[in-house]
Amino acid sequence: MKEADIFIDALLTGKSSIIDKIYSKIYPKILTYIRNNKGDADEAMDVFQDALMYIIVTQKEKRTEILNFEAYIYVVCRNIWKKKLTNRVIQTDVVTLVDKDTDLAQFIVEQKYFDVYTAKFDLLSENCKEILSVYFNGATYEEIATDNDYATINTVRQRVFKCRAKLIDLIKEDNEFQLLRKWELM
C-alpha cells in the first residue's frame with residue numbers, strides 16, 4: 001500500500017499514530033512556507049488542519065488517487081494560504097455598499113446557517129462542545145492542554161481536529177443545510 005493511501009485511510013478512520021506521523025513529517029514544511037509568506041505558527045496550524053479537513057471531505061465524497069500525499073497537501077495548504085492572504089487584503093482595502101434588501105436576505109440566510117450549526121453543535125459530546133467552544137473563542141492549543149489536563153499539545157490538536165470533523169459531517173448531512181447550499185448556488 002502506498003504512503004498516500006495509508007495517510008488518507010488514517011485520516012478517514014482517525015488512526016492517531018499515522019496522523020501523528022503526518023504532523024511530524026509534513027507540518028514543519030508547511031510552517032516554513034507560511035512563515036516565509038507573511039504568516040505565523042498559529043496560522044500555519046490552521047491552514048494545515050483546514051487542508052486535512054479538505055482532504056477528508058473530498059476523499060469521503062469521491063475517493064481519488066493521490067500519488068504523492070506530501071506534494072498534494074503542500075499544494076492544498078499553499079492555495080488555502082493564498083486565499084487567506086487575498087481575503088486579508090480585501091477586508092482591509094475595500095468597503096462594500098449593500099442595499100437594505102440584500103443585507104436583510106443575507107442576514108436571514110446567515111441566521112439559518114447559524115441555526116443549523118447550533119443544532120448540530122448540540123449533538124456533539126460534552127467534551128467536543130467544551131473543546132471547540134474554547135478553540136473557536138481563540139484559546140491556543142497550549143491553553144487548552146493546560147486547562148483540560150491533556151498530555152501533549154498534539155493530543156489537543158487531534159481532539160480539535162476530530163471534533164471539527166464530526167461537526168462538519170453532522171452539518172453536511174443536514175437537509176436544511178443542503179437546501180441552503182442549493183439556494184445560494186441559484
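Nothing here was measured: the structure is a model prediction, and the numbers come from that model.
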Just verifying a value: how many Å separate [X] [atom1] and [Y] [atom2], rounded to the nearest 0.5 Å?
X: I55; Y: I73; atom1: CD1; atom2: CD1; answer: 4.0 Å
X: C77; Y: K82; atom1: SG; atom2: NZ; answer: 12.5 Å
X: K172; Y: D169; atom1: NZ; atom2: CG; answer: 8.0 Å
X: I8; Y: I18; atom1: CD1; atom2: CD1; answer: 13.0 Å
X: K15; Y: K21; atom1: NZ; atom2: NZ; answer: 11.0 Å
X: Y23; Y: I153; atom1: OH; atom2: CD1; answer: 12.5 Å

Would you please indicate if the ring centroids of F177 and Y117 are separated by under 6.0 Å? no
Side chain to side chain, [X] and [Y], heavy atoms closer than 4.5 Å:
X: T155; Y: T152; answer: yes
X: L31; Y: F48; answer: no
X: L170; Y: L124; answer: yes
X: L12; Y: R63; answer: yes
X: C128; Y: K166; answer: no
X: K2; Y: L67; answer: yes
X: E130; Y: N148; answer: yes
X: L11; Y: I19; answer: yes

Applying ring pair (Phe, Tyr, Trp, His ring centres under 6.0 Å), which residue pairs with at least one partner in residues 139-164 are found, sequence neighbours left out? Y135-Y141
ILVMFWY cluster, V75 and I22 together (side-chain gap under 4.5 Å): no
Applying side-chain contact (heavy atoms from CB on, under 4.5 Å) to Q178 and E173, what does each step give before you reach the verdict? CA-CA 8 Å; Q178 297 301 327; E173 294 169 1; over 6 Å; no
Hey, mind stepping through K84 and D50 against side-chain contact (heavy atoms from CB on, under 4.5 Å) and telling me if it holds? CA-CA 12 Å; K84 286 182 184 257; D50 288 347; 3.7 Å; yes
Quick check: does any side chain N or O of [X] sit under 3.5 Å from a backbone N or O of [Y], one acting as donor and the other as acceptor?
X: W81; Y: N37; answer: yes
X: Q49; Y: D46; answer: no
X: E143; Y: T140; answer: yes
X: T58; Y: Y54; answer: yes
X: K129; Y: D122; answer: yes

Is the shortest side-chain N to carboxylate O distance from E43 to R35 below 4.0 Å? no
Using a strict threshold of under 4.0 Å (side-chain N to carboxylate O), is an ion pair present between E3 and K25? yes
Steps toward side-chain contact (heavy atoms from CB on, under 4.5 Å) verdict (I26, I30): CA-CA 7 Å; I26 303 171; I30 303 305; 4.2 Å; yes
List the residues meeting salt bridge (Lys or Arg N to Asp or Glu O under 4.0 Å) with K162, not counting sequence neighbours, and say none if there are none. none
What pairs with D115 under salt bridge (Lys or Arg N to Asp or Glu O under 4.0 Å), at least two apart in sequence or on another chain? none
Between V156 and E142, does a side-chain contact (heavy atoms from CB on, under 4.5 Å) hold up when you go through it step by step? CA-CA 8 Å; V156 175; E142 293 83 2; over 6 Å; no
Any idea which heavy atoms bring D42 and D40 closest together, and the distance? N-OD1, 3.2 Å
